[in-house]
2 protein chains.
Amino acid sequence: MRLFKSSEYAIRSLVYMAVSGIEVCSVKTLSDALDIPYKFLGRLMSRLGAAGIVTSQQGKLGGYSITRPLHEVHLADIIDVVEGLESYDRCILGFETCDDKNPCPLHDQWSGHKDGIREMIDNVTLADLARSDCKRI
Amino acid sequence: MRLFKSSEYAIRSLVYMAVSGIEVCSVKTLSDALDIPYKFLGRLMSRLGAAGIVTSQQGKLGGYSITRPLHEVHLADIIDVVEGLESYDRCILGFETCDDKNPCPLHDQWSGHKDGIREMIDNVTLADLARSDCKRI
DNA sequence: CTATAATACCACCCGGAGGTAGCATATGCG
DNA sequence: CGCATATGCTACCTCCGGGTGGTATTATAG
């Protein structure tokens with residue numbers, strides 16, 4: 001019932017970039033502002049870059065920028081890159097095949113929650129998170 | 001968004017004991033029926049015994065029995081013993097303090113799902129799972 | 001007594017998540 | 001140019017969940 005720490009880091013970093021208004025944001029800036037290990041975040045941002053979520057710019061004054069408009073970056077996009085989406089479609093008891101026709105004992109109780117969460121990460125975008133009035137990231 | 005494999009094993013084992021009607025069930029029987037590693041399951045059942053979920057009986061014809069009536073054994077009881085309940089109350093972005101008054105950017109979207117899941121594991125009992133018409137465990 | 005079962009150790013292996021260190025490479029700017 | 005700052009990459013480390021193997025003890029039914 002939890003995100004990988006890497007997914008937390010990725011989401012928080014992107015929200016920070018969205019909210020702060022910094023166009024080109026260095027890993028150092030993110031690391032200091034959000035208290036995330038510098039080297040670890042460097043690798044993570046690099047992966048987000050390879051996936052096209054962010055664009056990198058090397059050299060002095062370099063850093064990362066969010067590639068697409070904020071309302072086009074869904075939580076599921078980020079989570080997919082960082083940890084994959086397998087666990088969000090998985091049977092809670094681990095059965096390979098588990099659906100309405102051939103359910104596990106917990107299927108009826110669980111599928112509603114699973115679908116709700118899946119819908120959440122599919123629909124919520126960085127724009128939504130940036131709009132939220134909360135100031136902690 | 002997933003149980004530890006140990007929790008899956010524990011729930012499936014207890015559901016099997018409840019459904020099969022076997023009063024005293026050996027680890028060997030469970031291991032064979034549910035395809036769970038024998039040694040691993042032995043350690044797990046021992047922990048469930050120490051926590052009072054099941055009662056053990058040594059010697060030939062020995063094994064484990066579910067201590068309390070089925071409708072008094074909640075999923076949360078089992079999960080608590082096996083993996084702990086920390087992750088079920090945790091902020092999804094990892095903040096120590098995150099509530100309605102001091103939310104993280106995802107709090108509003110997440111808390112509903114979190115509460116729903118917590119309510120599920122608090123309310124669903126072995127009796128509910130045993131009653132489900134599904135035959136796969 | 002013997003076979004079976006739980007109980008209690010132990011040592012070990014594997015893979016993945018999280019994290020650290022060093023070095024190479026790119027680039028803006030004095 | 002030359003330096004500082006930045007990304008990019010490889011290797012390595014620790015911790016933990018999951019899993020295997022062994023050995024010995026205790027309890028009990030037949």
Side-chain angles (χ1 to χ4, degrees), chain A residues 1-13 17 22-67 79 81-84 86-87 90 93-94, chain B residues 1-13 17 22-67 79 81-84 86-87 90 93-94:
Chain A
M1 310 304 126
R2 57 173 298 183
L3 292 171
F4 285 20
K5 210 155 195 128
S6 297
S7 296
E8 296 175 8
Y9 289 164
I11 294 170
R12 290 175 57 212
S13 296
M17 292 167 72
I22 305 177
E23 295 86 4
V24 178
C25 190
S26 74
V27 173
K28 181 77 167 55
T29 304
L30 288 169
S31 166
D32 287 345
L34 304 180
D35 194 31
I36 301 172
Y38 173 72
K39 285 289 217 172
F40 193 79
L41 184 57
R43 268 212 316 258
L44 181 55
M45 294 304 293
S46 173
R47 287 172 61 195
L48 292 177
I53 308 279
V54 294
T55 308
S56 71
Q57 192 173 322
Q58 283 195 340
K60 195 168 182 172
L61 300 190
Y64 288 94
S65 325
I66 300 176
T67 308
I79 295 172
V81 170
V82 178
E83 63 175 273
E86 296 76 21
S87 64
R90 204 171 154 285
L93 287 184
Chain B
M1 308 306 124
R2 56 172 298 181
L3 292 171
F4 285 20
K5 208 152 195 130
S6 297
S7 296
E8 296 176 7
Y9 289 164
I11 293 170
R12 290 175 57 212
S13 295
M17 291 167 71
I22 304 176
E23 294 86 3
V24 178
C25 190
S26 75
V27 174
K28 180 77 167 60
T29 304
L30 288 170
S31 167
D32 287 345
L34 304 180
D35 194 31
I36 300 172
Y38 174 73
K39 289 282 255 180
F40 193 80
L41 183 56
R43 273 208 312 259
L44 181 55
M45 294 304 294
S46 173
R47 287 173 60 195
L48 292 177
I53 307 280
V54 293
T55 308
S56 69
Q57 192 172 320
Q58 285 192 341
K60 193 167 183 173
L61 301 190
Y64 289 95
S65 325
I66 300 175
T67 309
I79 295 172
V81 171
V82 178
E83 63 175 275
E86 297 77 20
S87 63
R90 202 171 156 285
L93 286 185

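Computed from a predicted model, the values in this text were never measured in an experiment. Below, chains carry the letters A, B, ... as their sequence lines are ordered, and counting in each starts from 1.
- Phosphate proximity of D/dG18 to B/Ser6: present, with a side-chain N or O under 4.0 Å from OP1 or OP2.
- In this structure, of D/dT7, D/dG18, C/dA6, it is D/dT7 that holds the atom nearest to the side chain of A/Tyr64.
- Side-chain nitrogen and oxygen atoms of B/Tyr38 include at least one within less than 4.0 Å of the OP1 or OP2 phosphate oxygen of C/dA6.
- Considering only heavy atoms from C-beta on, B/Met17 comes within 4.5 Å of B/Leu30 through its side chain.
- The CG-C1' distance, from B/Leu44 to D/dT20, rounds to 16 Å in whole Å.
- To the nearest 0.5 angstrom, B/Leu44 atom CG is 9.5 Å from B/Tyr9 atom OH.
- Relative to the side chain of A/Lys5, the nucleotides D/dA6, C/dG19, C/dA6 differ in distance, and C/dG19 lies closest.
- Atom CZ of B/Phe40 sits about 12.0 Å away from atom OG of B/Ser31, to the nearest 0.5 Å.
- Here the side chain of A/Ser65 pairs no donor or acceptor atom with the backbone of A/Val24 at under 3.5 angstrom.
- Here B/Lys28 contributes atom NZ and B/Leu41 contributes atom CG; the two are 12.0 Å apart, rounded to the nearest 0.5 Å.
- Taking 4.0 angstrom as the limit, A/Tyr9 places none of its side-chain polar atoms (N or O) nearer than this to OP1 or OP2 of C/dA17.
- By the 4.0 Å N-to-carboxylate-O rule, B/Arg2 lies too far from A/Glu83 to be salt-bridged with it.
- The side chain to side chain contact (heavy atoms under 4.5 Å, CB included) test with A/Leu48 is passed by exactly one of A/Thr55, A/Val54, A/Thr67: A/Val54.
- Counting any heavy atom pair closer than 4.0 Å across all strands shown, B/Gly49 reaches no nucleic acid atom.
- Atom CG in A/Leu41 sits about 17 Å away from atom P in C/dA17, given to the nearest Å.
- You'll find that the side chain of B/Pro37 is closest to D/dT20, out of D/dG8, D/dT7, D/dT20.
- In this structure, the side chains of A/Ile11 and A/Leu3 come closer than 4.5 Å at one or more pairs of heavy atoms.
- No engagement by B/Gly42 is indicated, since no non-hydrogen atom pair under 4.0 Å with the nucleic acid exists.
- Using a distance-only test at 3.5 Å, with no hydrogens or angles considered, no donor-acceptor pair links the side chain of A/Ser26 to the main chain of A/Gly63.
- As rounded to whole Å, 15 Å separates atom C1' of D/dC12 from atom CZ of A/Phe40.
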Using a 4.0 Å cut-off on protein heavy atoms (strictly under), produce a 5'-to-3' string for nucleotides 21-28 of chain D with B for base contact, S for backbone-only sugar-phosphate contact, and - for none. BBB--BBB
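- Between the CG atom of A/Leu3 and the P atom of C/dA17 there is a distance of 13 Å, rounded to whole Å.
- For the atom pair CD (B/Glu23) and CD1 (B/Ile66), the distance works out to 11.0 Å, reported to the nearest 0.5 Å.
- Rounded to whole angstrom, the span from the CD atom of B/Glu83 across to the P atom of D/dC16 amounts to 16 Å.
- When the C1' atom of D/dG30 is taken as reference, atom CG of B/Leu61 falls 9 Å away, rounded to whole Å.
- Distances shown here put a side-chain N or O of B/Ser46 below 4.0 Å from the OP1 or OP2 atom of C/dA8.
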Using Watson-Crick or G-U wobble pairs with both distances under 3.5 Å, give me DNA chain D in dot-bracket, 5' to 3', with [ ] for crossers and | for pairs to another strand. ||||||||||||||||||||||||||||||
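- Atoms CG (A/Leu48) and C1' (D/dG8) sit 15 Å apart, rounded to a whole Å.
- Protein atom CZ of A/Arg47 is 14 Å distant from nucleotide atom C1' of C/dG19, rounded to whole Å.
- Under 4.0 angstrom from either OP1 or OP2 of C/dT4 there lies no side-chain N or O belonging to B/Ser26.
- Contact annotation for A/Phe4: backbone-only contact, meaning every heavy-atom pair under 4.0 Å involves sugar-phosphate atoms and none involves a base.
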